[in-house]
Number of protein chains: 2
Amino acid sequence: MTVTIKDVARRAGVSPSTVSRVLSGHPRISAETSRKVKSIMEEMGYHPNIMAKSLVSKTTNSICIILPKPAEELFSNLFFMELIRGIVTQASRSGYDVLISSGATEKEELEAVSRLLKGRRVDGAILLYSRKDDAVIDFLKDNGYPFVLVGRSDKYDDILSVDTDNMLAAYDATSHLISMGHERIGFVSGPPNLIVSRDRLEGYRKAMEHNGLELKSEWIVEGEFLQDSGYRAMSFFMNLPSRPTALVVVDDIVSFGVLRGLNELNYTVPADLALVSFNNIPLSELSTPPISSIDIGIYHLGYTASQILIQTIQKQANEPGCTNRFIIPHRLIVRESSMYSPGKK
Amino acid sequence: MTVTIKDVARRAGVSPSTVSRVLSGHPRISAETSRKVKSIMEEMGYHPNIMAKSLVSKTTNSICIILPKPAEELFSNLFFMELIRGIVTQASRSGYDVLISSGATEKEELEAVSRLLKGRRVDGAILLYSRKDDAVIDFLKDNGYPFVLVGRSDKYDDILSVDTDNMLAAYDATSHLISMGHERIGFVSGPPNLIVSRDRLEGYRKAMEHNGLELKSEWIVEGEFLQDSGYRAMSFFMNLPSRPTALVVVDDIVSFGVLRGLNELNYTVPADLALVSFNNIPLSELSTPPISSIDIGIYHLGYTASQILIQTIQKQANEPGCTNRFIIPHRLIVRESSMYSPGKK
DNA sequence: TATGCTTAAGCAAACGTTTCCATAAGGAGG
DNA sequence: CCTCCTTATGGAAACGTTTGCTTAAGCATA
């Protein structure tokens with residue numbers, strides 16, 4: 001039924017080894033044989049069996065993306081699609097296939113990963129935004145599997161990772177508001193177990209301190225990466241006796257929730273409350289008003305993660321002393337939501 | 001290094017075949033042997049080599065998703081992420097892995113598909129929204145590979161597909177506007193080579209005709225699934241001497257563009273122009289005003305596609321006479337963007 | 001007691017590659 | 001003319017499974 005290397009060999013009057021060598025561009029194959037075998041492969045419609053190849057070479061030319069545990073919430077985010085797009089594009093350029101894996105629980109997730117890696121179905125893994133203490137990282141590290149973390153681990157600093165400098169990004173976002181004349185600035189954070197939430201919070205704190213501004217604990221609220229969290233944060237802030245005049249918000253989606261709430265209460269942005277958030281998803285510029293956002297180059301993050309992982313798998317970049325933390329630069333996109341100086345009121 | 005079936009066999013004092021049979025739950029294995037082998041597998045940390053298994057069983061327990069050619073544009077859409085999420089969730093429940101594949105050009109795409117299927121890396125494929133004339137469909141059909149199309153083919157009606165009844169959906173959307181009292185209704189379409197664009201256009205036409213309303217060709221504009229297209233369509237419509245009072249828009253993203261444009265020109269929705277669009281992405285309800293949209297159950301589409309594909313692969317549902325076109329029901333979500341009756345002006 | 005059936009397990013081939021080792025032919029050097 | 005090296009190719013083992021065929025033992029039946 002399917003045509004194998006042996007069929008080609010028989011038809012070409014050579015041995016299977018020769019065909020295999022033609023396939024892999026072995027130097028000691030005569031030009032003539034190579035030409036003949038290739039034309040016969042073409043003619044017979046030969047396609048190498050990837051499984052057989054993998055079995056003997058112990059390499060699969062594929063990697064997997066491990067989606068974070070609460071995939072149901074986060075997955076539907078534009079953010080992840082963009083990341084995946086970057087990964088898939090780069091991997092495909094390097095001749096690698098990409099497998100998507102997710103599990104409902106941490107246990108399931110670990111099972112999936114261990115099945116894929118131990119079962120030798122993939123050569124390495126890309127982890128998207130791990131929690132503070134991540135069993136999957138421990139698993140990968142303990143077993144010496146190649147992997148790259150998109151994000152940052154606070155437990156290990158010797159693992160390969162691609163990340164935004166979230167502390168600096170939050171520092172920049174906050175500084176921007178301060179430079180616009182804001183002094184009472186609040187912060188809407190994400191789940192406290194995500195490192196990204198903590199880093200951004202820290203950057204906000206530093207910026208406030210460096211500028212000698214008061215850091216009220218009631219001006220910091222935690223939530224999820226969901227619009228509802230923004231909605232709730234907004235009502236909390238607006239009911240405060242002493243309210244902030246501006247907000248740094250941990251994610252654009254959350255900003256949408258804030259915006260909707262303010263809208264319902266007939267407040268206007270940025271006059272009543274200025275906003276800056278993170279990730280610059282395509283819709284940030286479409287909302288009314290458009291939201292100022294820190295663009296973190298999501299596609300680029302994914303692209304780079306894939307590149308580094310594949311290099312590692314191919315052992316091209318394993319020189320000790322090499323850097324293992326790659327920072328993708330961010331930049332602030334100023335839009336209407338932060339174009340207001342409270343001093344000029 | 002890695003522990004194989006033979007290692008387990010040796011340690012358990014049985015033959016490799018016996019271990020294999022324990023693994024697959026063969027009936028003729030004594031309870032005692034099974035227990036012993038299982039405990040030894042556990043103890044030694046045995047994981048089956050998926051490649052070896054695939055090689056002999058000629059089955060990979062994985063499927064691939066083929067993203068449409070202009071992936072760069074469409075990929076970043078919430079829409080695709082939601083679809084993928086449905087597919088991955090279902091596949092994972094059925095014990096299947098999911099591979100994502102995309103190509104920059106149609107040729108690359110075809111190469112990728114043929115490598116995956118002919119190379120026996122996957123058992124089947126899910127195609128997302130093909131063009132009118134799709135070489136990939138021909139390839140899959142000609143070679144008899146199991147595949148499911150999310151969307152509709154106008155060339156073949158005997159291929160497995162999961163789809164929205166887009167004609168009916170557009171009919172419903174248009175009827176809704178008509179029932180609100182609109183008579184001058186325009187249509188913003190997508191790329192004319194996408195079947196979904198044509199079906200929705202057709203549904204709009206039918207609804208207009210059935211209600212005896214005038215169908216002006218200048219009230220139909222084509223574009224991409226991009227906000228820019230909406231923006232352009234809006235300026236076209238608003239400069240018309242006789243403008244529509246309502247628009248049916250082929251995708252929510254496009255509606256965002258319309259909305260932004262109207263906003264800039266200080267028109268209000270729905271008073272100056274009512275809107276209904278399709279797909280009901282999460283942000284539709286967050287815009288100002290929230291957009292009425294046809295929810296087509298994207299996750300459900302993906303989930304069902306995966307289910308059907310895997311059933312087909314496993315030959316469980318191959319009885320002839322079975323339906324091969326699965327329709328996922330849609331429903332109209334009415335929001336502020338269409339809550340206005342022009343008659344009551 | 002001989003026969004046949006059932007159950008539990010082993011042997012070995014097969015899946016489609018890659019790759020180490022061997023070999024044959026041709027040419028250069030002595 | 002013999003030896004040795006180079007170049008092109010073939011043979012066969014190995015990768016880790018699954019599975020059809022075989023075998024051995026235990027037991028019931030005639």
Side-chain angles (χ1 to χ4, degrees), chain A residues 1-38 40-41 44-62 95 114-123, chain B residues 1-38 40-41 44-62 95 114-123:
Chain A
M1 190 84 277
T2 52
V3 26
T4 76
I5 233 177
K6 286 183 191 168
D7 301 322
V8 176
R10 203 172 311 124
R11 180 83 155 270
V14 299
S15 76
S17 344
T18 302
V19 177
S20 170
R21 283 190 262 253
V22 168
L23 226 41
S24 60
H26 190 99
R28 290 234 245 269
I29 288 289
S30 73
E32 195 198 0
T33 307
S34 174
R35 209 175 332 105
K36 188 171 69 183
V37 168
K38 273 178 185 160
I40 288 183
M41 288 194 311
M44 298 180 77
Y46 169 76
H47 274 258
N49 182 310
I50 306 180
M51 296 302 163
K53 186 186 270 187
S54 294
L55 181 57
V56 39
S57 71
K58 289 175 178 302
T59 198
T60 64
N61 270 46
S62 49
S114 107
R115 190 174 52 80
L116 291 175
L117 273 308
K118 293 220 161 180
R120 294 225 184 295
R121 190 192 211 64
V122 300
D123 298 336
Chain B
M1 189 88 276
T2 52
V3 25
T4 76
I5 234 176
K6 286 182 190 167
D7 301 323
V8 176
R10 201 172 312 125
R11 179 82 156 270
V14 298
S15 77
S17 346
T18 302
V19 176
S20 170
R21 282 191 260 255
V22 167
L23 227 39
S24 60
H26 189 99
R28 289 236 244 270
I29 289 289
S30 73
E32 195 197 357
T33 308
S34 174
R35 209 174 331 104
K36 188 171 67 183
V37 169
K38 274 179 183 159
I40 288 183
M41 289 194 310
M44 299 180 77
Y46 169 76
H47 274 258
N49 182 310
I50 306 179
M51 297 300 163
K53 186 186 270 187
S54 294
L55 181 56
V56 38
S57 70
K58 290 174 179 302
T59 199
T60 64
N61 269 46
S62 51
S114 105
R115 190 175 52 80
L116 290 176
L117 285 152
K118 293 218 163 182
R120 294 228 182 296
R121 191 193 211 62
V122 301
D123 298 336

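Naming: A, B, ... by sequence-line order, numbering from 1 per chain.
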Any side-chain donor near an acceptor of the partner, S15(B) and T18(B), under 3.5 Å:
yes
Between CG of N49(A) and C1' of dT17(C) the distance, given in whole Å, is 8 Å
Side-chain contact check for I29(B): nearest option of dG16(C), dA9(C), dT19(C) is dA9(C)
Taking dT17(D), dC20(C), dT18(C) as options, the one with an atom nearest any side-chain atom of S20(A) is dT18(C)
Check: P16(A) main-chain N/O paired with S20(A) side-chain donor or acceptor under 3.5 Å: no
note: M41(B), atom CE; dT17(D), atom C1'; distance rounded to Å ~ 14 Å
Mind checking whether I29(B) and V37(B) have side chains closer than 4.5 Å, heavy atoms only? no
Item to complete: Give one of base, sugar-phosphate or nothing for H26(B), where a contact means two heavy atoms less than 4.0 Å apart.
Response: nothing
| message | Between K58(A) and dG16(D), is there a contact of a side-chain N or O with OP1 or OP2 at under 4.0 Å? | response | yes
Among the nucleotides dC15(D), dT17(C), dG10(D), whichever has the atom closest to the side chain of S15(A) is dG10(D)
### Message
Are L55(B) and N49(A) packed together at the side-chain level, in the sense that at least one heavy-atom pair is separated by less than 4.5 angstrom?
### Response
yes
Here the distance between atom C1' of dC15(C) and atom CZ of R120(B), to the nearest Å, is 11 Å
Atom NZ of K53(A) and atom P of dT19(C) are separated, to the nearest Å, by 10 Å
Closest to the side chain of V14(B), out of dG16(C), dT18(C), dG10(C), is dG10(C)
Picking from dT17(D), dT9(D), dA8(C), the nucleotide nearest the side-chain atoms of T33(B) would be dA8(C)
Whole-Å distance, N61(A) CG to dT18(C) P, equals 12 Å
Sorted by position of nearest nucleotide on DNA chain D, 5' first, the leading residue of S17(A) and A31(A) is A31(A)
Side-chain contact check for R28(B): nearest option of dT19(D), dC15(C), dA8(C) is dA8(C)
With the side chain defined as heavy atoms from C-beta on, S30(A) is closest, among dG10(D), dA8(D), dG16(C), to dA8(D)
Per atom distances to the A52(B) side chain, the nearest of dA8(C), dA8(D), dT17(D) is dT17(D)
note: I5(A), atom CD1; dG10(D), atom P; distance rounded to Å ~ 13 Å
Per atom distances to the T4(A) side chain, the nearest of dA8(C), dT18(C), dG16(C) is dG16(C)
Between CD1 of I50(B) and P of dT17(D) the distance, given in whole Å, is 11 Å
Legend entry - Heavy-atom check, side chain of L117(B) versus side chain of H47(A), under 4.5 Å: no
From the candidates dG16(C), dG10(C), dT17(D), the one with an atom nearest any side-chain atom of K6(B) is dT17(D)
By nearest-nucleotide position on DNA chain C, the 5'-leaning member of T18(B) and R21(A) is T18(B)
Ignoring hydrogens and angles, state whether a donor on the side chain of S62(A) or T60(A) is under 3.5 Å from an acceptor on the partner side chain. yes
Comparing nearest nucleotides in DNA chain C, the 5'-proximal residue of the pair L55(B), G13(B) is G13(B)
Separation of dT17(C) atom P from R121(B) atom CZ, nearest Å, is 14 Å
